[in-house]
Every structure is written in structure tokens, then in C-alpha cells.
Amino acid sequence: MSYWLMKSEPDEFSIDDLVRAPGKTTPWFGVRNYQARNYMRDATRVGDGVLFYHSSCEVPGIAGLAEVASAPHPDETQFDPKSPYFDPKATRANPRWMLVDVKLVRKTRLLSLDELRQRPELADMVILRRGNRLSVTPVTPSEWKAIGKLLARDAG
DNA sequence: GCCAACGTTGGC
DNA sequence: GCCAACGTTGGC
């Protein structure tokens, strides 16, 4: 079992959108970075833990817990000319962008980026590294555990 | 295959 | 809206 942090801009898809989604599940569409794609295509397994992270917003941070809920499959938005994520070089026979489905476990209190930075046990998190922009990043078991403790600390 | 230019990300 | 950091593109 592995753990991941996945970023989403809440203006586009927030934790509340996931709460309202059918089956509380969504394909993690729109990733257009090869390294992040490779994590989803090659490294995730059904049941892996996911930290749902809100980025590019007033208070960035972890907004909920989720899990990987499917095997990798093509991101449908790459085939849609009307989508901002359309990729003219992708074909159904040869899709370029793969994703997994993500299912809500629970919405949590907002564990802000600021609070994450204050925790010495989280100092090595990929998300906290200078210049990090990856939208899907691995989380270590000890980081996962530490975040679980922080989220248990008060009501979520 | 190098690398400058350009585009994007994302916190501030 | 700024801008540092980083990924991608494309000319050579």
C-alpha cells in the first residue's frame, strides 16, 4: 500500500465537489505532466491512500482523505476538442494521458500548508520542497501517519 | 542532443 | 498580479 498527495484547484474541483460526486468518486482528470501521469499509470494501486490538497486558493492545504479507486485508464478530456485539456496528439488507440479514479474517504478540517510547514516530522514532504509543482506526489507512511494524527486532533 | 525561449504552476 | 521555479518546445 502506498500513499499519495493529489492537488486540485478548488475553483475547478474541490473536496465538496467530491462529496457530491456520484459514488463520491471522480476520475483525476486534467493532469498534463509526465511525472505525475507516470505515478498514476505505473505506481498507484486500488486502495492506496490519497491526501486531497487544495492549491491556488486563499488557504492552500489538505482538505480531505480519499483512496485510489480504479486501475489506470485514459483521461477522457484529452480526446475532447472542447476541453481545455484536449491534446491533439492523443488518440484512443494511443492515449497519452492516463489517470485513476479517486474516491472520498472523508472530508477533513483544512490542514493548511502553513500548518504542514510547522511540523518537523513533515519537513521532507515533497509538497513542501522549494519549487515543487507536481500535482501527484508520493507520501511516505510516516508522513501519512503524522498527518492522520494532526487531522484527528480536532473536529473535521 | 543542447539550450534559449517560452509557458505554466502556485504561493505570496 | 508578481515572480521564482520548473517543464516543454523547437531551432540549430
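Labels below follow one simple rule: chain letters A, B, ... track the order of the sequence lines, proteins then strands, and each chain is numbered from 1. For the numbers below, each heavy atom of this structure counts, side chains included, while hydrogens, waters and symmetry mates do not.
- For Arg96(A) and dG7(C), the CZ to C1' distance is 14 Å, given to the nearest whole Å.
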Should Ser55(A) and Arg133(A) be marked as a side chain to side chain donor-acceptor pair (under 3.5 Å) after you check the CA-CA gap, both sets of side-chain angles, and the distance that decides it? CA-CA 10 Å; Ser55(A) 67; Arg133(A) 298 191 321 189; over 6 Å; no
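- Look at CZ on Arg129(A): it is 18 Å from C1' on dA4(C), rounded to the nearest Å.
- For the pair Gln35(A) CD and dG7(C) P, the computed distance is 7 Å after rounding to whole Å.
- In this structure, the CG atom of Asn33(A) is 10 Å from the C1' atom of dC6(C), given to the nearest Å.
- Here the closest non-hydrogen pair linking Pro72(A) and Met40(A) is CG-O, 3.6 Å.
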Under 3.5 Å, which N/O atoms of the protein pair with N/O atoms of nucleotides 9-12 of chain B?
residue	atom	partner	partner atom	Å
dG10(B)	OP1	Lys7(A)	NZ	2.6
dG10(B)	OP1	Arg133(A)	O	2.8
dG11(B)	OP1	Tyr53(A)	OH	3.0
dG11(B)	OP2	Ser56(A)	N	2.9

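- One atom, CH2 of Trp97(A), and another, C1' of dT8(C), lie 10 Å apart when rounded to the nearest Å.
- Remark: Tyr85(A) engages no residue in a ring-ring contact (aromatic ring centres under 6.0 Å, His included) (not counting sequence neighbours).
- Asp75(A) has its side chain out of reach of Met98(A): every pair of non-hydrogen atoms, C-beta onward, lies at least 4.5 Å apart.
- A salt bridge links Arg92(A) with Glu76(A): the closest approach of a Lys/Arg side-chain nitrogen to an acidic carboxylate oxygen falls below 4.0 angstrom.
- Sequence neighbours left out, the pairs with a member in residues 36-71 of chain A that pass ring-ring contact (aromatic ring centres under 6.0 Å, His included) are Trp4(A)-Tyr39(A), Trp28(A)-Phe52(A), Phe52(A)-His54(A).
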